Amino acid sequence: MLGREEKISTGRLTSVQYAILVLFLVLGYGLWRLQVSQTNYYATQAENNRVRKVPILAPRGKIVDREGRIIVDNYPSFTALMMRDSARDMAGDAPLIAQGLHLKESEVRDKIRRFAGMPQYAPIYLKEDITPDELAFVESHRNELPELDTIMAHRRLYPRNGFLAHLVGYVGEVSEDMLSLPQWELYNPGDVVGKSGVELQYNQLLMGKNGSRQAVVNSKGKEIQQLGETPAEPGKPLKLTVDLDVQVAAEEALEGKNGAIVAMDPRTGEILAMVSRPTFDPNDFAVRISNAEWKDLVTDKAKPLLNKAIQAQLAPGSTFKILMSVAGWQENIAQTLNVHCNGGATFYGRRFGCWVKGGHGPVDLTKAIYQSCDVFFYTLAEKLGIGRIAKYASAFGLGQKTGIDLPQEVSGVMPSEEWKIRNYKQKWFAGETISVGIGQGAVAITPVQLMRAIAAISMDGKMVVPHVVNPAQMPPGLMEVGRLEEVKQIPVDVAGWNLITDAMGRVLLPEGTAQSAHIPGIDIAGKTGSAQTVSLALRAKHTKNDDFAQNGWFVGFTPRRNPEIIVVVLFEGGEHGKLAARLATQVIKAYVDKKRRQPNQLVERDSAQPSAAIQAKTATEMASLWAEPSSELGENGDQRLQAGRFSLNGNSAPAQVVNAAPGLETRVSGTPGADRRLERPRPEPAPMSGIRK
């Protein structure tokens, strides 16, 4: 057996031959596929290897007010790009690039790493809004750094000093976290998108579509021929319902204070003005906000990024008594309810005090409204019970989002027995209802919720959806905006509606809680409110600490019948609702003055006959109320109270005509952008002293 030659079996040899044959067939098919079947595809791919696409960024649509006056515009700037289609060692060029563009070398390397997994045709946005010397660096280093390029971008130009900042919002580069969300999955790194306000809500409309230019590059990445370009499609302009004249008045009214002011047309739900303080400057976001600046904003205890108009959840205080009045009337309780207020009353073994220590004496519903008697509404709350109170408050939208077309609106809280069991696994105690009756306890609502509810009462039960963009102006099919036109009709007895709104009209007369806010010649109805932020016991220990001061509220509308405007004011730390009322009437007066300047657009006076008590007050007496503010404004030298004081003539006109938002006045002169090229917008001295952070 030794030395015998081993022979390969025929079966094994045949298997090897078939394997070789299959291999050659696969190789042959691959060659046929490359050279015949997909010739055009691979030819295009080869072409792309030598054709560079440089993006052309689409400018975002302008934002204007209801009359077409500019609120947000664009200015041209240049952005430095790093093209990734060359064979160069870009990481090796990082030191020189960082030096020329005034960046950190680590920042350049981090961006290269971040884009490593992206398609090669996607450029790296190295630096936005470059300076003239940085632009010169790129142009002078074309041969040494062929991967560098520049494109012109249209950067956002916002009003100065945070004017309308919370409503308009700001833009920023789409983040990696955002790209993982469904609504942003079609966007690319480097895209600038809306981050808050209407910039976010209507980003799809405002953004437009980017274009590109094609150029032939050699093996080193240097451009040698221009092939053509696909122009960008600019974003569509967005017209807001905001009236700049009313907005300016609201901004000036809240100068130097914290809180919010919102004005709305109660007939349609159109927002005429919205202010939240403190504010921020959206121009800081227009290019790229630094980590330090962002940290300062988000850690600021005053929360400047919070839109208090739709996000502050606070006790409404005595403004809630109007909801209580409607509930009491609809349940046939308030019509015959009469109490004697001696400064307080006892319920369930506990004494609840009235804000007037000496009491209001005999009180019916009318007097309870214009003098804001707590004892009356304590009694009404006891008779109604939390179930019926919650029923009517919920019907008027409290504890729910209003549906306003702004992002991040909160829902607030309207307590009930079910609410407490669901959230605290505890039963509701009858004594808790007493505090709810005057808008305290667990009640927490937003200014826009309160405004919508009182607007519905002023309109005899017609409740609309607040909105900052008119749905009729939106392109069909772009967004679902039908909900903004939704109208609910809440049953309100006509007799009760007349009595309650007439009583609200007396709030600004001498017998009311906001007499110093009265403006002769303007028929304003409203309700003041003061809301505790801490317990009375804790506040007594910190009488000189403004952090424990009560919040002042006011909600008012004009005219008293068929109103055209309603204004809500939250004056944080304002203590008294009458101070908030002065801010609100300043805004209302701006609206009325503007109407009176327009032919055939006067605000109609109420044709209904007022009560005998109101008729007894002459125009001279009314004027004297306004011309001579009471001495209590300067009581104890309280400068915070003085901040709410203003003096107006009922027939005066605003000192200036508003042509555009502050800082945007030059945009209507016909020279857009020339003053902002290669220059990051910075706040300039404001012509209006009342508009600032």
Side-chain angles (χ1 to χ4, degrees), residues 48-57 77-153 155 170-181 184-193 195 210 212-213 215 217-223 284-298 678-680:
N48 289 339
N49 287 335
R50 69 182 187 92
V51 176
R52 169 181 291 174
K53 286 187 178 181
V54 180
I56 299 175
L57 303 183
S77 73
F78 286 91
T79 295
L81 302 179
M82 177 181 284
M83 311 306 295
R84 302 167 56 243
D85 54 4
S86 69
R88 292 183 61 84
D89 177 15
M90 289 182 290
D93 291 336
L96 180 58
I97 293 173
Q99 181 181 0
L101 296 178
H102 304 104
L103 298 170
K104 294 179 180 179
E105 184 179 336
S106 59
E107 187 176 353
V108 176
R109 294 183 184 276
D110 286 344
K111 290 191 175 186
I112 294 173
R113 281 195 295 269
R114 178 185 170 191
F115 276 75
M118 299 299 296
Q120 225 177 8
Y121 61 80
I124 299 174
Y125 291 78
L126 283 177
K127 188 174 184 180
E128 297 89 351
D129 209 23
I130 60 176
T131 60
D133 64 308
E134 292 166 346
L135 177 63
F137 167 79
V138 175
E139 295 298 329
S140 63
H141 287 75
R142 292 284 187 183
N143 292 329
E144 302 162 72
L145 301 170
E147 67 268 31
L148 287 188
D149 205 342
T150 59
I151 57 171
M152 193 180 79
R155 301 292 171 192
Y170 61 90
V171 295
E173 184 178 331
V174 63
S175 66
E176 293 183 19
D177 292 338
M178 292 171 65
L179 290 172
S180 63
L181 300 175
W184 303 105
E185 61 185 359
L186 298 180
Y187 292 81
N188 299 309
D191 285 346
V192 175
V193 298
K195 291 293 190 78
N210 292 340
S212 64
R213 64 178 175 85
V217 296
N218 59 22
S219 59
K220 295 182 179 180
K222 182 178 179 180
E223 291 188 9
D284 292 338
F285 295 85
V287 180
R288 184 187 294 273
I289 192 168
S290 69
N291 290 334
E293 290 174 314
W294 175 252
K295 184 178 180 180
D296 288 343
L297 282 173
V298 298
L678 298 175
E679 177 186 345
R680 183 175 179 179

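Since this is a predicted model, take the numbers as computed values, not measurements. We're numbering straight along the sequence, starting at 1.
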Margin query: For L148, is there any backbone N or O sitting under 3.5 Å from a side-chain donor or acceptor partner on R142?
Written below: yes
Notebook entry, point to check: Which heavy atom of I112 sits nearest a heavy atom of I124, and at what distance?
Noted result: CA-CD1, 3.9 Å
Note to self: Going by the rule side chain to side chain donor-acceptor pair (under 3.5 Å), which residues pair with E105 if we only count those two or more places apart in sequence or in a different chain?
What the structure shows: R109
Next item on the list: Considering non-hydrogen atoms only, spot the tightest contact between L81 and I151 and give its length.
Entry: CD1-CG2, 3.6 Å
Margin query: Tell me every residue that passes salt bridge (charged side-chain N to carboxylate O under 4.0 Å, His left out) with D110, counting only those two or more places apart in sequence or in another chain.
Written below: R113
Check: A80 and L101: which non-hydrogen atoms are nearest, and at how many Å?
Finding: CB-CD1, 3.9 Å
Notebook entry, point to check: Any idea which heavy atoms bring L96 and F137 closest together, and the distance?
Noted result: O-CZ, 3.5 Å
Notebook entry, point to check: When you measure from the side chain of K127 to the backbone N and O of L103, does any donor-acceptor pair fall under 3.5 Å?
Noted result: no
Item checked: Exercise: identify the closest heavy-atom pair between K111 and Y125 -> NZ-O, 3.1 Å
Next item on the list: Carefully, step by step, assess M82 and D93 under the rule side chain to side chain contact (heavy atoms under 4.5 Å, CB included).
Entry: CA-CA 11 Å; M82 177 181 284; D93 291 336; 5.9 Å; no
Margin query: Distance check, rounded to the nearest 0.5 Å: I130 atom CD1 versus H102 atom NE2?
Written below: 11.0 Å
Next item on the list: Please step through side chain to side chain contact (heavy atoms under 4.5 Å, CB included) for the pair T79 and R155, ending with a clear verdict.
Entry: CA-CA 10 Å; T79 295; R155 301 292 171 192; 2.6 Å; yes
Notebook entry, point to check: At their closest point, which heavy atom of K195 faces which heavy atom of V171, and how far apart are they?
Noted result: CG-C, 4.0 Å
Item checked: Residues which pass side chain to side chain donor-acceptor pair (under 3.5 Å) with H141, listed by chain and number, not counting sequence neighbours -> none
